[in-house]
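These notes are about the structure you will find just below.
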Amino acid sequence: MTSLDTPALLSWFDRVGRPLPWRGDGVGAWEILLCEVMSQQTPVARVEPVWRAWLDRWPGPAELAAAAPADVIRMWGKLGYPRRALRLRECALAVVDLHDGRVPHDVDQLLALPGVGDYTARAVACFAYGRRVPVVDTNVRRVVARAVRGVAEAGPPSTRRDLAAVEALLPDDRERAVAFSVAVMELGALVCTARAPRCDDCPLAPTCAWLAAGRPEWDGPRRKVQTFAGTDRQVRGLLLDVLRDGDGTAARSALDAVWPDATQRDRALDSLLGDGLVVRVGEHYSLPA
DNA sequence: AAATCGTGGCG
DNA sequence: TCGCCAAGATT
């Protein structure tokens, strides 16, 4: 099996695809880039309100480029991985300075933007500009692994291999290629999910290699689960929480209160300073002005 | 190449 | 309950 049943897939999407706000007509490339970055490792449901709030406050790259990092970090709220917020602002600066304020069409130019990697560059080229390029995210990798290769999980990612695999499945027609990518991602998000795939509701069930093989369990390496409790990431989150919630400034004592282990606390604070998410002002700490 | 980087919800 | 997972990027 070297292809997916594209007609079945597209018809399924027409029926049950979610009307996400950035999928409508007239949504510009900047808005799409913004939602793609916000969606990195983040459930779509959490993204929508923040996406709207950002666009309301900063309609385009020029406005965001002029924003204070502190405001950007606050508006990011609790989406997680707050470095993305800073990179988004740097991305806006790059779009303004290098591309005359317009999001580039070219994948390589998109890849050069801060916070934009292989997935996001191709997602913008495809969804915003209708380019026929493979778009590979975790959903796409999982759907292809199951429906085409007949295995339960995608295994460790390899950009080159993954892109080639999806390129081979991509319809020749540009518009169908775009619809294909949207639909595969949606299928992975709604039906062909990681934990409890709903094969009964899957448009690809009649042709799915994994289902045909009796849904064999994955025998490859287990995806390593990132622990969170007790890690520096948790401490960073707690520290930043203090600065986000107040006026953006906190005394050392206020930061010290969030975590008992001084060594780890200092390490987390140092890393936040290194990332530019926090700055020291005299005896206090604050979000970067 | 493998580790790191938040947060919250669901099964 | 708690491990698992979510439209990845960067170093």
Side-chain angles (χ1 to χ4, degrees), chain A residues 17-18 20-23 31-51 73 76-88 90-91 110-128 134-143 152-163 166 178 181-190 192-198 218 221-244 258 264 267-268 270-272 274-278:
Chain A
R18 295 167 295 178
L20 298 178
W22 42 83
R23 279 184 181 153
E31 288 127 285
I32 290 178
L33 190 160
L34 187 63
C35 89
E36 294 300 344
V37 171
M38 288 181 167
S39 299
Q40 292 165 3
Q41 296 289 285
T42 306
V44 162
R46 278 185 231 163
V47 169
E48 184 172 337
V50 181
W51 181 75
I73 294 168
W76 189 255
K78 308 206 77 173
L79 279 187
Y81 297 138
R83 288 183 297 185
R84 288 183 292 165
L86 292 182
R87 292 198 186 113
L88 223 19
E90 291 159 13
C91 177
L110 286 162
L111 279 171
L113 297 171
V116 175
D118 289 296
Y119 163 74
T120 304
R122 290 175 176 79
V124 171
C126 177
F127 304 146
V135 180
V136 182
D137 75 336
T138 181
N139 289 310
V140 174
R141 282 167 33 76
R142 186 174 54 250
V143 171
E153 296 183 21
S158 158
T159 302
R160 200 164 305 139
R161 271 206 315 274
D162 297 339
L163 284 174
V166 175
V178 175
S181 288
V182 175
V184 176
M185 286 176 59
E186 190 77 338
L187 189 70
L190 299 182
C192 194
T193 56
R195 268 177 283 189
R198 305 168 51 189
W218 174 246
R222 268 290 140 195
R223 220 169 70 86
K224 36 180 161 279
V225 287
Q226 296 196 59
T227 56
F228 177 68
T231 63
D232 287 4
R233 287 195 355 265
Q234 181 183 17
V235 182
R236 284 168 55 104
L238 292 170
L239 290 170
L240 207 53
D241 232 3
V242 173
L243 293 167
R244 255 192 316 248
V258 306
Q264 187 176 24
R267 189 171 61 232
D270 281 343
S271 72
L272 287 171
D275 288 339
L277 285 163
V278 175

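Here is the naming used below: chain letters follow the sequence lines, and residue numbers restart at 1 for every chain.
Residue pairs meeting the salt bridge (charged side-chain N to carboxylate O under 4.0 Å, His left out) criterion with at least one partner in residues 34-46 of chain A, sequence neighbours excluded, do not occur; the list is empty. Residue pairs that meet the salt bridge (charged side-chain N to carboxylate O under 4.0 Å, His left out) test with at least one member in residues 223-234 of chain A, sequence neighbours left out, are A:D232-A:R267.
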Just by protein heavy atoms under 4.0 Å, how would nucleotides 5-11 of chain C read 5' to 3' in B, S and -?
SBBBSS-

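Look at CG on A:L86: it is 11 Å from P on B:dG6, rounded to the nearest Å. As a whole-Å value, the separation of A:Q234 CD from C:dG3 P is 13 Å. One can place CH2 of A:W76 at 15 Å from C1' of B:dG8, the figure rounded to the nearest angstrom. Straight-line distance from the NZ atom of A:K224 to the P atom of B:dA2: 6 Å, rounded to whole Å. Distance CG (A:D275) to C1' (B:dA3): 14 Å, rounded to an integer number of Å.
One side chain, A:R84 or A:T42, offers a donor N or O that lies under 3.5 Å from an acceptor on the other.
Remark: A:R142 pairs with no residue by the salt bridge (Lys or Arg N to Asp or Glu O under 4.0 Å) rule, at least two apart or across chains. Remark: A:R161 engages no residue in a salt bridge (Lys or Arg N to Asp or Glu O under 4.0 Å) (not counting sequence neighbours). With sequence neighbours left out, the side-chain contact (heavy atoms from CB on, under 4.5 Å) criterion links A:R222 to A:E153, A:W218.
Taking the P atom of each, C:dA9 and B:dG8 are spaced 22 Å apart, rounded to whole Å. Between C:dA7 and B:dT4, the two P atoms lie 24 Å apart (nearest whole Å).
Both A:A196 and A:L79 sit near DNA chain B, but only A:L79 has its closest nucleotide nearer the 5' end.
Within the nucleic acid shown, A:R244 comes within 4.0 Å of sugar-phosphate atoms alone, with no base atom in reach, counting heavy atoms only.
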